[in-house]
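Notes follow once the structure below has been shown.
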Amino acid sequence: LNTLRKAVPAFTHEETDDNHWLLNTAQCLELLETVRSMPEVAFVEWPQGAKMRVVRPVITADKLRLKISSAGQWFELEGDIQIDDKEKLKVAELLQRLREAEGNFIRLEGDEYIALSEQLRRQLQAIDKMTAGRGKELKVATMNGLQLQGLEDLGAKVKADEPFRQLMQRIEEAGKLRPAIPSNIHAELRPYQEQGFVWMSRLAHWGAGACLADDMGLGKTLQAITLMQSRAAQGPQLVLMPTSVLLNWQQELRRFAPALNVKVLNMGNRSQTVTEAAEGDVVLSTYGLLVTEQDLLASRNWTTIVLDEAHTIKNRDTQTSRGAMRLKGDFRLLLTGTPLQNHLSEIWNIFQFANPGLLGSYQQFTDRFILPVERDHDQERQRLLRRLLSPFLLRRTKDEVLSELPQKTEITLRVELSTEEQALYDNLRQQAIANLEESRQKEALQVLAEITRLRQAACHPRLINPKLKIPSSKTQAFLDLVAQLRSSGHRVLVFSQFTSHLALIREALDGLTPDLSYLYLDGSTPTQERNRLVREFQTGDIPLFLISLKAGGLGLNLTAADFVIHLDPWWNPAIEDQASDRAHRIGQERPVTVYRLIAAGTIEEKIIRLHSTKRSMADALLQDADLYTQVTADDIIRLLRESVDDIA
């Protein structure tokens, strides 16, 4: 009995009085398999009419025979696994039974079960999450060939065609590749930037796409330019980006890779620019032009395609996404500091561009990952997804690689509302609850409208009704904070979700005596003016730079500031972090302090509370933290019903 106990230590806590064990089905199957393998110390006396039997040895990978055939972007799978001298199971049937398995045990005919080795079970389950096709027709995207190679490494007998073997050979060669930094790159790359260049070069060597998801401010553009310089002789290259960073790309290319010939698509004859692009050429285009010129851009093959701020294509139903999917390129590179912003479906769309088929169809991805991870918090499924993405996704944080970067301090400043402001807010809160409860469908637009009004009420009463004469406590707190910072010689970036809120802040600043000079930028600011404002702030002494959060989340280097003020919080803290990193990035030599002004007792405090579970979604995918789901109408109703005391 003691020998048996040692063989199944996990069951000891299930033991009841008189040497009885109370086990569930999976545990019972494991116990039977253990006893069957220990005839020298135990035998089984099995009740008549039993529903479970385990009488055969554990199945290991060497019993599996697999045939791999190439079909375009897919590998088709056939084969079987040897149960005993007489019985076999087709691979498709094996995977089907594994989906219904209890632990490591699959059911055979009638009442009989058989155990798979732990290594074989895990590998087969991983492959099952990648398969496409129906019934007996199984296929796996070529980018998942490494997982099939894993079966062979375990001992499976694999018969594969030449394209599969060539791919495995390229992958092996890529692992040994030691690409040199191009001599004509006019920059000294940091060690982690060199590692990023090598990583991208290796993936490009064997034909896989890549997502470089480094923190904001770590030089993703420089790493991409270095890669493009190394591939310049292979043919023309294409970079797609938001309009706001177009001039930045031009400047960076001229600065770091003057040997490359930069062509901007929106200048001159577009058709001629694309059709005549040759070795050494880099064509720059905005996402807006991708929509209108997708036929032209998709008419030829590019040596390299770079998507900057790649989360722009996160929504698979947009014209921008559809246009990107039509592009043809030898190597596809995505650059983004936030590969996942709101929903796991964004990851599917981004990687559908980088490596088509890697995550299966969208419906398969929903069933296999979105629902288990976001709804059921299935950490094993989350780890599997991370395992599938890890060869193609590289993310480094500033804390990991920039020990010389100065400290960043984050402070939440609670602002008490006046009696009049609180009464206005409470009235709107009750209206929001009533409106949401009356709507049976609780449509997303209605939820957004209700919470937007509450967020605006927490900022300034005039955002609800321009005729209201109620002073804003948050505006006054902002002015007091700015006065303190200015008296100490600090320079400040000021962000808000609402341009209407920034307009009221500008009005308040203009009314000061003496007045306080500032710069202003939002999404309507032309690109040339945007760049002029950045230069003026960086080289001058104007103390304040007011920026809308959407316009300031990317493409700005504002290290002249050492303080950041967020006037209102957003659901996703990663978006705020992007904005804060306009100041806290390479080139910053002073400590940076980030203030968040939060109206006490309002939805803003609840948003900040949610930040603890929603911070850094991309990191959650790379680590073992739980991914979060989007906020629903029921979530909002529940939050709004909480009293002020509940959140204070």
Side-chain angles (χ1 to χ4, degrees), residues 185-190 192-193 196 212-226 239 241-257 262 284 286 306 308-311 335-338 396-399 401-402 404-408 490-495 518-523 525-566 574-594:
I185 281 291
H186 293 200
E188 183 176 342
L189 272 65
R190 295 166 180 260
Y192 74 88
Q193 292 172 330
L212 181 60
D214 284 346
D215 250 356
M216 288 298 188
L218 292 186
K220 292 189 290 293
T221 303
L222 173 58
Q223 294 174 69
I225 290 174
T226 305
V239 185
M241 67 207 71
T243 304
S244 58
V245 299
L246 179 60
L247 284 180
N248 184 64
W249 266 94
Q250 285 182 273
Q251 294 166 359
E252 299 283 83
L253 281 163
R254 292 194 190 106
R255 175 185 174 191
F256 297 128
V262 179
L284 304 183
T286 64
V306 179
D308 190 22
E309 303 298 341
H311 48 269
L335 306 177
T336 174
T338 52
R396 281 81 57 91
T397 65
K398 285 184 294 189
D399 290 341
V401 299
L402 285 186
E404 74 273 24
L405 201 63
Q407 180 182 2
K408 180 172 74 171
H490 296 292
R491 303 181 68 198
V492 188
L493 305 182
V494 182
F495 292 100
Y518 61 87
L519 299 174
Y520 176 79
L521 184 154
D522 63 24
T525 306
T527 304
Q528 295 282 358
E529 175 65 6
R530 175 187 172 101
N531 283 270
R532 186 196 68 77
L533 290 170
V534 170
R535 287 195 301 272
E536 184 176 355
F537 186 78
Q538 286 291 91
T539 59
D541 60 359
I542 294 178
L544 292 179
F545 200 161
L546 276 56
I547 309 172
S548 69
L549 191 63
K550 185 175 181 180
L554 49 93
L556 299 178
N557 187 337
L558 296 169
T559 51
D562 59 340
F563 274 77
V564 177
I565 298 175
H566 289 284
I575 305 299
E576 289 184 10
D577 291 342
Q578 276 190 328
S580 300
D581 287 346
R582 300 308 97 206
H584 192 244
R585 60 192 295 119
I586 294 175
Q588 180 60 267
E589 298 178 352
R590 295 170 295 171
V592 174
T593 302
V594 179

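By convention here, the first residue in the shown sequence is residue 1. None of the values given here were measured: they were computed from a predicted structure.
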*Which value, rounded to the nearest 0.5 Å, describes the distance between Y520 atom OH and T525 atom OG1?*
7.0 Å
_Any side-chain heavy-atom pair of L519 and L521 under 4.5 Å_ = no
*Summary of salt bridge (Lys or Arg N to Asp or Glu O under 4.0 Å) pairs that have at least one residue in residues 242-255, sequence neighbours excluded*: E252-R255
_Contact list for residues 534-547, test salt bridge (Lys or Arg N to Asp or Glu O under 4.0 Å), sequence neighbours left out_ = R532-E536
_H566 vs L549, side-chain contact (heavy atoms from CB on, under 4.5 Å): CA-CA, chis, key distance, verdict_ = CA-CA 9 Å; H566 289 284; L549 191 63; 4.2 Å; yes
*When rounded to the nearest 0.5 angstrom, what is the spacing between CZ in R491 and OG1 in T559?*
9.5 Å
*Mind checking the CD-CG spacing from E188 to L222? Nearest 0.5 Å is all I need.*
11.0 Å
*Do you know which two heavy atoms are closest between L218 and Y192, and how far apart they sit?*
O-OH, 2.7 Å
*Sub-4.5 Å side-chain heavy-atom contact between I225 and I185*: yes
*Can T226 and F256 be said to form a side-chain contact (heavy atoms from CB on, under 4.5 Å), step by step?*
CA-CA 8 Å; T226 305; F256 297 128; over 6 Å; no
*D522: what forms a salt bridge (charged side-chain N to carboxylate O under 4.0 Å, His left out) with it, not counting sequence neighbours?*
none
_Within this structure, what is the CG-OG distance for the pair L558 and S580, rounded to the nearest 0.5 Å?_
11.5 Å
*Is there side-chain contact between R396 and L212, with heavy atoms separated by less than 4.5 Å?*
yes
*Between OG1 of T286 and CE of M241, what distance do you get to the nearest 0.5 Å?*
8.0 Å
_T336 side, atom OG1; E309 side, atom CD - distance, nearest 0.5 Å_ = 6.0 Å
*Measure across G523 and S548 and return the closest heavy-atom pair with its distance rounded to 0.1 Å.*
N-OG, 3.7 Å
*Taking every non-hydrogen atom, the tightest pair across W249 and A224*: CH2-CB, 4.2 Å
*Parallel under 30°, tilted from 30 to 60°, perpendicular over 60°: which one fits the rings of F537 and F545?*
tilted
_Counting C-beta onward and ignoring hydrogens, is there a side-chain heavy-atom pair between Q223 and D214 closer than 4.5 Å?_
yes
*Are N531 and Q251 close enough that some pair of their side-chain heavy atoms sits under 4.5 Å apart?*
yes
*Kindly give the heavy-atom pair with the smallest separation between A561 and A583, and that separation in Å.*
O-CB, 3.8 Å
*Check whether any side-chain heavy atom of L253 sits under 4.5 Å from a side-chain heavy atom of L284, and report yes or no.*
yes
